[in-house]
Amino acid sequence: MTIKEVSEKFDISQDTLRYYERVGMIPPVTRTASGILGWVELAKCMRSAGLPVEAMIEYVKLTQEGDSTIPARLQLLTEQRETLLEQKAKIDATLERLNYKIGRYEIAARTGVLTWE
């Protein structure tokens, strides 16, 4: 699978893919289609969630070192999950507060009276 095909499939630029390759976030795109697609999908998912490039680079490095790194990979992924869960809790709290405020403004929009702020 070519870099262009991978780029189009995941809707990311060829430059971004080459960057991911260069820094070690994904193996070279010259690999088999199924292999590289999984790596690109993981990299895109991790980045869209805001996880650091360094974590993905470390994960790829550990994977390439073989099965002896399974415990380290497990720890890395577990730590990243914990980070995401903390971020999610903050987002959930913010959404709850926004929903409350929106509800109050919806009432005010219907009644013409804002009784709080």
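All values derive from a computational prediction rather than experimental measurement. Side chains are part of it too, since the values below use all heavy atoms of this structure and drop only hydrogens, waters and symmetry mates.
Scanning all heavy atoms of the two residues, the minimum distance from Ala43 to Ile26 falls at CB-CG2, 3.8 Å. Shown here for Ser7 and Ser13, the closest heavy-atom pair between the two residues is OG-C, 3.6 Å. Across every non-hydrogen atom of Glu21 and Pro27, the tightest pair is CG-O, 3.8 Å.
With contacts defined as side-chain heavy-atom distances shorter than 4.5 Å, the pair Met56/Val23 does not qualify. Looking only at side-chain heavy atoms (C-beta outward), Tyr100 and Tyr105 stay at 4.5 Å or farther from each other. Annotation: side chain of Glu106 is in contact with side chain of Ile102 (closest heavy-atom distance under 4.5 Å).
Atom CG of residue Leu37 and atom CZ of residue Phe10 lie 5.0 Å apart, to the nearest 0.5 angstrom. One distance of note links OG1 of Thr63 with CD of Glu58; it measures 9.5 Å at 0.5 Å rounding. Between Leu74 atom CG and Ile70 atom CD1 the span is 9.5 Å, to the nearest 0.5 Å. To the nearest 0.5 Å, atom CD of residue Glu54 and atom CG of residue Leu76 are 11.5 Å apart. A distance of 10.5 Å separates CG of Asp92 from CG of Asn99, quoted to the nearest 0.5 Å. Rounding to the nearest 0.5 Å places NZ of Lys9 at 10.0 Å from NZ of Lys44.
One finds a salt bridge joining Lys61 and Glu65 here, because a Lys/Arg side-chain nitrogen approaches an Asp/Glu carboxylate oxygen to under 4.0 Å.
The side chain to side chain contact (heavy atoms under 4.5 Å, CB included) test applied to Arg47 returns Tyr20, Met25, Val53, not counting sequence neighbours.
Of the possible donor and acceptor atoms, none in the side chain of Thr69 sits under 3.5 Å from a partner among the backbone N and O of Ala72.
Among residues at least two apart or in separate chains, side-chain hydrogen bond (donor to acceptor under 3.5 Å, both in side chains) pairs with a member in residues 77-87 are Gln75-Glu79.
Judged by distance alone, the side chains of Arg104 and Thr115 do bring a donor and an acceptor atom under 3.5 Å apart.
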